[in-house]
There are 2 protein chains.
Amino acid sequence: MNTRLHDPFKTAFDSLDEFADLISQVLMCPITIEDANHRLLAYSTHDERTDPARISTIIGRRVPEKVINQLWKEGTIPALLKTQDPIRVKNMNDIGLNHRVAISIWKQDEVIGFIWAIEIDKLLTEEDFILLKKAADAAKNKLLQLQTRKNKKEERSQEFFWKLLTGHLKTTEEIVDHFHSLQITPPASFAVLVFQFQENISNKVEQSISYLLKTNQRIKITLYTIDCNQLILLVSATNLESPFNDLDQFAKYFVLQMRERYGIKGIKPGYSSIFEDHQKTNKAYKESLSVLSIKEKFPLDTNDIFNYQKLGIYQILDMILEKRQTDAYENYSLKRLHEYDEKHNSNLIETLEVFLNKDNNINDAAKELNVHANTLNYRLKRITEIGEVNFKDPNQKMVLYLDLKLEKYQRI
Amino acid sequence: MNTRLHDPFKTAFDSLDEFADLISQVLMCPITIEDANHRLLAYSTHDERTDPARISTIIGRRVPEKVINQLWKEGTIPALLKTQDPIRVKNMNDIGLNHRVAISIWKQDEVIGFIWAIEIDKLLTEEDFILLKKAADAAKNKLLQLQTRKNKKEERSQEFFWKLLTGHLKTTEEIVDHFHSLQITPPASFAVLVFQFQENISNKVEQSISYLLKTNQRIKITLYTIDCNQLILLVSATNLESPFNDLDQFAKYFVLQMRERYGIKGIKPGYSSIFEDHQKTNKAYKESLSVLSIKEKFPLDTNDIFNYQKLGIYQILDMILEKRQTDAYENYSLKRLHEYDEKHNSNLIETLEVFLNKDNNINDAAKELNVHANTLNYRLKRITEIGEVNFKDPNQKMVLYLDLKLEKYQRI
DNA sequence: GAACGTTTTGTGAAAATCTCCAAAAAGAAT
DNA sequence: ATTCTTTTTGGAGATTTTCACAAAACGTTC
C-alpha cells in the first residue's frame, strides 16, 4: 500500500487505454480519459460497472452535449479549469450521471484533458484523490504526444482551408485528393460560416472557440481557421433535409455559449448558401462576408438573418441603391406620401413600411403601430389614393418596399 | 339671284370670321369653320339660332370629343375625308346635334378643314350645296395662310422639344423662356410619353396621328415630335389628383383609335414618371424608352404596364440579372424545387410563380392553376418544406419572385 | 395486383378578415 | 366659437380564409 501511495503510475505503458486500466485497478472504479474538448481518449475495461452517461460517451467517442452543458451550468467544468485538484460531481439522474470524481490534466497553465472516475459503490477517499492527482500528472506526457501529432495535422488543414477559401485549387479532383490526404471525408454539401468578433481573436479566446466547436454535435465542422477578428468554418449539416435550420441553430448556440460561458459579446454570424461543388468554397466565403457586411449596413432589419439566402432583398440592395442614385430616380408614390405626411403631419410612410414588413397582415401591422385595425385599413385606403398604388399588384408593392428600405439606408 | 349663284365668295375678306358671316348670310343658316383637327377657326354671329353641339364647340374652341367620336362611328368624318362634296348629317339628339351639312376644305389631296352649316328651320337645297362647295374653295387660301404660320411655329417647337429631350438646355429659366417665346405656358408637371410603332411613321400616318392628338381632350399635349418609328409627346394631365390614370387612359385610347380608325396595329406606349422640373425632361425621355425596352424583354408580364412607375420590379430586373450572372448565383430554394419537379414531374415552380403573381391570394391562384384551393395549399406547404422558404417573410418572397422572373427571362 | 407513399379533392368548423355604419375625436378653416 | 373635414375607433354581420381530417385518386415499387 505504501508503494501504491508513493506513485503507482511511474511505470511505462504503451497506450492510454492501458493507462486507464491501470488507474482503474488502483482506484477500483471505472475510469475515462478525455481530451480538453471532451473527446474520449481512453477508457478502462477492467471494471464492467458503469452508468448511462459513460456508455453514451464511449459509444459516441465523446461526452454528450447535454452532459457538457449541464456540467458547465452546474459549475463542474469551470471548477476543473481553475484547480488542479479533483472535483466531486453529485449524482445527476436526469442526464444519467452517477457520483463521480474528475480531475483536469495540465500542461503549464492550460488544461489539456480530464480523467473521470465513477464512484460505483464506494466513494473515493482523500488518499484516492492524491493518487488521482498523480495519475493526472502521469497522463500529461501521453496526451502531449497526441496533441503535437494533431497540431501538425491541423497546420496542414489550415493551409488547405485557406487555399479552398481563396479559390487556389482549381479542379474538384485536386480538392478531393487534398481532403483524403488529410484523412477527411469531403462533405457532400457544405457551407462557409463566419463568426465576426468585436475584437481580434486572442489565443485564449481561440482555445474557448476550439473547445466549443469540438464539443458541438449539431453540425459537422470539417475545417476551421481564424483571420483577425473572424472565425471561419467549413461546415455541413447532419440533417440533409433542412440544413438551414441546423446551421441557424448552431450559429445561435455558438453566440449564446460564447457569451454565457466566456463573456464574449457581440459575435455576428454569417453563412453562405449550401454548395455541393467544393470549387465553390471561394464563392461561399464571399457570400458569408457579404452577409456580414450587409448586416452592418442594415443592422436592425437583418438582425435575425445569418444566411445569404435568407437575406432576401438585402442581397441586392446596395446595388439597387447605386443604380437609383445614378439615375437620380425618385419614387413618385413615396414622394407624394412624404409630402402628405409633411403637410398633415401624419405617418403614412411609417404605416406603409410596417404593413409591408408584416407581409400585408393587417392585424400584425396594426398591433405594431398601436392602432385599431380599422384605422390601418383607412390609412391604407388613403395610401392607395394619395400614392396611386395598387396593393393587389405584387410588383408595385415590391418597389415600394425596396425604395422604402433604400430611403432608410440613405438617411443613415 | 343670278350673281349669287355665280360666285358670291369671290370678294376680299380680312378674317375668317368675316367670311363665316358671309356664308351664313348667303345660305341663311349658322356657319362654323374648323381646321382639319376640328379646332374652331371661325363662326358666324349673324344668325343667333344654333344647337347645343355648336355652343360647346364655340365655348371650348374645338368640337367636343364625344361628338367627333360619334361622327367617326357613324361615318360622316370618313365620308368627308373621301369626297369634296357636302355631306348631310342627321339629327343626333343624344349629343346635341341638329340637322346639318358639312363640307371638307381641300388642298390638293389633303383635307385641311371643314365648314359646317346648321339647318335650323329649313334644309339646304341642291343649289345651296353648290354654293357651299364654292365657299369651301374660297376658304382654302385663308386656311393655308394660317397653316403655314402654324408650321413655322411648329418647326421651332420641334427644335426646342429635341433640345429638351436631349438635355441641351441647362437652366430652368432658359427652358421657361423658350416656352414663353413659343407662346406656350410651361406645364406645372409633365411626363414624356412615347408611342412605338411597328414601322417607321410615314407622312400619311403622321397626319392621322396629328389629327388624333389634336382632337384629344383627355390630356394636354404641350409638344410632340416623331423619331423614326416613335412618336414622342410632352404631356401633362388635366386631373392633377390622379395623373397616371389619365395618362393610362389616353395611351389606351390612342392605341385603340389608331387601330380602329386607321388600321395601324401594334403600337406600344411607354411613359415616364411625372416631373415638375423641366430640366428633367431628358430623364423622363430615358424612362419612357426604358419602359419600351423592358416591355420588349418581358412582353407578357408587362403587357398592361405603360408607366415607368408601374413597371415595379421590372425597372431593375436586367441589372439584377447582370449581378446574378457575374456572381454565378443560384437560388437554393428554386434549385431544390426544380429538382423536385424534375424527379416527380410535379409543377411546384409554376405553382409558386402563379401564387406570387396573384399576390398570395390562394383562391385567385388556384383558379388560374385550375386546381382546388386545398390542393394549392398543400403544394405551398410542400414548397415551404422542400425549398425551406417562409411565406410570412416578405423578403424571401421577393427574392423568390425576382429569381423566378430572372430564370424565365434567361430561358428566352 | 397489393402495398405504399404522395397528391388531389371534398367537407365542415373555427378563425380571420372585410364591409359597412356610426360615433367620437382631432385638426383646419372661417 | 363654429363649422367642416379628416382621422380614429368601435361593433355587428357577412364573407373569406384557414385548418384538420378523411376519402379518393394517382404513381411507384415489389
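Note on naming: letters A, B, ... go to the chains in the order of the sequence lines (proteins, then strands), and numbering restarts at 1 for each one. When reading the values below, keep in mind they use all heavy atoms of this one structure, side chains included, and skip hydrogens, waters and symmetry mates.
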Do Asp403(B) and Arg324(B) pass the salt bridge (Lys or Arg N to Asp or Glu O under 4.0 Å) test, and can you show the C-alpha distance, the side-chain angles, and the key distance before you say yes or no? CA-CA 9 Å; Asp403(B) 284 335; Arg324(B) 290 264 132 129; 2.6 Å; yes

Sequence neighbours excluded, the answer for side chain to side chain donor-acceptor pair (under 3.5 Å) partners of Arg62(B) is none

Could you check how far CG of Leu380(A) sits from C1' of dT19(C), rounded to whole Å? 15 Å

Which atom pairs link the protein and nucleotides 10-13 of chain C when you take only N or O atoms and keep those under 3.5 Å?
unit_1: dG10(C); atom_1: N7; unit_2: Asn374(B); atom_2: ND2; d: 3.1
unit_1: dG10(C); atom_1: O6; unit_2: Asn374(B); atom_2: ND2; d: 2.8
unit_1: dT11(C); atom_1: O4; unit_2: Asn374(B); atom_2: ND2; d: 2.7

For Lys343(A) and for Tyr378(B), find the nucleotide of DNA chain C with the closest heavy atom, then tell me which residue's nucleotide is more 5'. Tyr378(B)

Consider only side-chain N and O atoms of Glu287(A) and Ser273(A), and report whether a donor and an acceptor are under 3.5 Å apart. yes

State which residues pass salt bridge (charged side-chain N to carboxylate O under 4.0 Å, His left out) with Asp177(B); sequence neighbours excluded, sorted by chain then number. none

Partners passing salt bridge (charged side-chain N to carboxylate O under 4.0 Å, His left out) against Glu350(B) (at least two apart in sequence or in another chain): none

I need the residues from residues 344-369 of chain A with at least one non-hydrogen atom less than 4.0 Å from DNA chain D; give them sorted by number, or say none. none

Apply side-chain contact (heavy atoms from CB on, under 4.5 Å) to Pro186(A) and list each qualifying residue two or more places apart in sequence or on a separate chain. Val176(A), Phe179(A), His180(A), His278(A)

Could you list the residues that satisfy side chain to side chain donor-acceptor pair (under 3.5 Å) with Asp359(A), not counting sequence neighbours? Lys397(B)

List in chain and number order the residues that pass salt bridge (charged side-chain N to carboxylate O under 4.0 Å, His left out) with Lys405(A), two or more places apart in sequence or in another chain; answer none if no residue qualifies. Asp301(A), Glu353(A)

Residues which pass side chain to side chain donor-acceptor pair (under 3.5 Å) with Tyr329(B), listed by chain and number, not counting sequence neighbours: none

Under 4.5 Å between any side-chain heavy atoms of Glu385(A) and Arg382(A), yes or no? yes

Would you mind reading off the bend of the helix from dG1(C)-dC30(D) to dT30(C)-dA1(D) from its two end axes, five pairs each, to 10 degrees? 40°

Provide, to the nearest angstrom, the distance between the CG atom belonging to Asn377(A) and the P atom belonging to dC21(C). 15 Å

Under 3.5 Å, is there a donor-acceptor pair linking the side chains of Tyr332(A) and Arg336(A)? yes

Nucleotide interval of DNA chain D bounded by contacts with chain A (heavy-atom cut-off, under 4.0 Å): dT6(D) to dG11(D)

Non-neighbouring partners of Glu276(A) that pass salt bridge (charged side-chain N to carboxylate O under 4.0 Å, His left out), sequence neighbours left out: Lys335(B)

Are Ile316(A) and Met319(B) close enough that some pair of their side-chain heavy atoms sits under 4.5 Å apart? no

